[in-house]
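Here's the structure we're looking at; comments come further down.
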Number of protein chains: 2
Amino acid sequence: MNTAAPLRSRKAQIDRVATSLFRARGFAATSMRELATELGLEAGSLYSHIKSKEEILHRVCFGLAEEFFAAFAAATADTTAPIATQLRLAIEGHVRVLTRDSAASTVFLQEWRHLSEPARTDFLALRDRYEAAFRALVQQGIAAGELHAPDAAFVALTLLASLNWLPAWYRPDGKLTPDEIAHRLAEQLLGGLLVKD
Amino acid sequence: MNTAAPLRSRKAQIDRVATSLFRARGFAATSMRELATELGLEAGSLYSHIKSKEEILHRVCFGLAEEFFAAFAAATADTTAPIATQLRLAIEGHVRVLTRDSAASTVFLQEWRHLSEPARTDFLALRDRYEAAFRALVQQGIAAGELHAPDAAFVALTLLASLNWLPAWYRPDGKLTPDEIAHRLAEQLLGGLLVKD
DNA sequence: CCTACCGATCGGTAGG
DNA sequence: CCTACCGATCGGTAGG
């Protein structure tokens, strides 16, 4: 009778282990047999919990997209705050999502192209919307005279690129906490942009 | 008799087409049959020109590594130049290599992990050496009082991350030439670092 | 969750 | 450069 809870946690466990394998070997090079072995069961048994290999990838990619949007919305909720503050909060929020689960983040950043259509197109649309939101914030900052930069698109691209490199070198047991990293990244990346009084 | 030249160019052609497939689908998800079809021949025929699928990846990854080192060496050849100048030249050189062949660059940046040992370890050692060279340059700049930054390693990481995002959005037929992009990236990335007089 | 298995496809080779 | 093929492995399913 009490099967709902164990099933849910088993599925979550499959997602978690699969995600770490996808990061280590890539989605295409990870076999369901490898995943099953890591979980201590047979390959066929996986399919009583999931529908397909891609379903896992789909959940990881779209789940993280949702987290990024939620963090951005929270960072920019107070529209009366200075744009520089909103941008700083958005950077910190982005970093917080990236470091909360760096395996999932890496899969989100690198393995989305193994999604088949139409999921792949949908995913790219979400990513573009997110980048556009960052770009718009930078643009507002320039318009408000809080930031100086010749090209908001360039700024947004290099900003996100710098942040998205984080999962490649972040170690949870490193010297800096995620919040400290976020703070330093925000300082450094905004340092050259802020208009000095 | 005159077989050396055609064979050499056929091999180069295989590398080129394979590289673009590796970028589009990833190394693991690209099949030799797909590659053969794209080249207008049968899968088995590939092996009179190459030894293995991985051999192609190896050539691309290590070939590009060599190009990056050569560009860096040229940029820093004049050790009497200000560090800021050397750093600017190194950034421009890096961008020039990235844009000269953005398919190969993407493979270099994303697919190296499909190299088997010991090539994979060798490759990572090269990448670390390259990052260390950039880091050392930033450190020299700070020591010389030309740059101000709290952490050279942080600067080097975000610098290279910003540059390495370029192949993801660079279009050869875009508005900006590679040199213009390189110049703007250098300006923006060094803008916040340079000590104002 | 397992056993047993499916058809498809993989990288690569032999021999010409 | 092709034909014909190898053993291995793939994602996934049927039936229990």
Side-chain angles (χ1 to χ4, degrees), chain A residues 1-22 24-61 107 111-117 119-120, chain B residues 1-22 24-61 107 111-117 119-120:
Chain A
M1 297 294 177
N2 184 21
T3 55
L7 279 177
R8 239 200 328 271
S9 83
R10 195 49 153 165
K11 188 169 173 177
Q13 190 191 7
I14 291 173
D15 280 2
R16 201 170 43 75
V17 174
T19 298
S20 95
L21 284 173
F22 291 169
R25 316 198 195 300
F27 176 78
T30 300
S31 77
M32 297 306 272
R33 278 155 183 84
E34 209 176 353
L35 172 58
T37 300
E38 199 102 345
L39 287 159
L41 38 81
E42 297 302 315
S45 307
L46 289 168
Y47 293 89
S48 40
H49 301 100
I50 60 163
K51 283 196 296 271
S52 69
K53 185 185 178 185
E54 184 173 339
E55 190 206 34
I56 304 174
L57 180 64
H58 190 282
R59 245 195 318 277
V60 173
C61 289
V107 171
E111 305 297 329
W112 56 266
R113 62 176 155 172
H114 295 289
L115 291 168
S116 54
E117 297 297 350
R120 188 185 145 118
Chain B
M1 299 293 175
N2 184 22
T3 55
L7 279 177
R8 237 198 331 268
S9 83
R10 195 48 153 166
K11 188 169 173 178
Q13 191 191 5
I14 291 173
D15 280 2
R16 201 171 42 76
V17 174
T19 299
S20 95
L21 284 172
F22 290 168
R25 315 200 195 298
F27 175 79
T30 300
S31 77
M32 296 307 272
R33 279 156 183 82
E34 210 176 351
L35 172 58
T37 300
E38 198 103 344
L39 287 159
L41 40 80
E42 297 302 316
S45 308
L46 290 168
Y47 292 89
S48 41
H49 300 100
I50 59 163
K51 284 198 293 270
S52 69
K53 184 185 180 185
E54 184 175 338
E55 190 206 35
I56 304 174
L57 180 63
H58 191 282
R59 243 194 320 277
V60 172
C61 289
V107 171
E111 305 298 328
W112 56 265
R113 63 176 156 172
H114 295 288
L115 291 168
S116 54
E117 297 297 352
R120 187 185 148 119

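In what follows, every chain begins at residue 1, and chains take the letters A, B, ... in the order their sequences are listed.
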Discussion item. Ignoring hydrogens, what is the shortest heavy-atom contact between A/L46 and A/M32? Give both atom names and the distance.
Written reply: CD1-O, 3.3 Å
Worksheet entry | Pair pattern of DNA chain D in dot-bracket, where unpaired bases get dots and | marks partners in another strand, Watson-Crick or G-U under 3.5 angstrom | ||||||||||||||||
Response to the item:
Heavy-atom nearest pair, B/A43 first then B/R33, reads CB-CG, 3.6 Å
Fill in: Spacing of CZ belonging to A/F27 relative to CG belonging to A/L57, to within rounding of 0.5 Å
5.0 Å
Worksheet item: Do A/R10 and A/Q13 get their side chains close enough for a donor-acceptor pair, meaning under 3.5 Å?
Response: yes
Discussion item. Please evaluate residues B/I56 and B/F22 with respect to the criterion side-chain contact (heavy atoms from CB on, under 4.5 Å), reporting the C-alpha separation (whole Å), side-chain torsions for both, the decisive distance (0.1 Å), and the verdict.
Written reply: CA-CA 10 Å; B/I56 304 174; B/F22 290 168; 4.0 Å; yes
Discussion item. Going by side-chain contact (heavy atoms from CB on, under 4.5 Å), name the residues that satisfy it together with B/H58, two or more places apart in sequence or in a different chain.
Written reply: B/F62, B/L115, B/A119
Worksheet entry | Nearest-0.5 Å distance that lies between atom CZ in B/R25 and atom CG in B/L35 | 11.0 Å
Practice prompt. Could you run through nucleotides 1-16 of chain C and give me one letter per nucleotide, 5' to 3': B if any protein heavy atom sits under 4.0 Å from the base, S if only the sugar-phosphate is that close, - if neither?
Written response: BBB------BBBB---
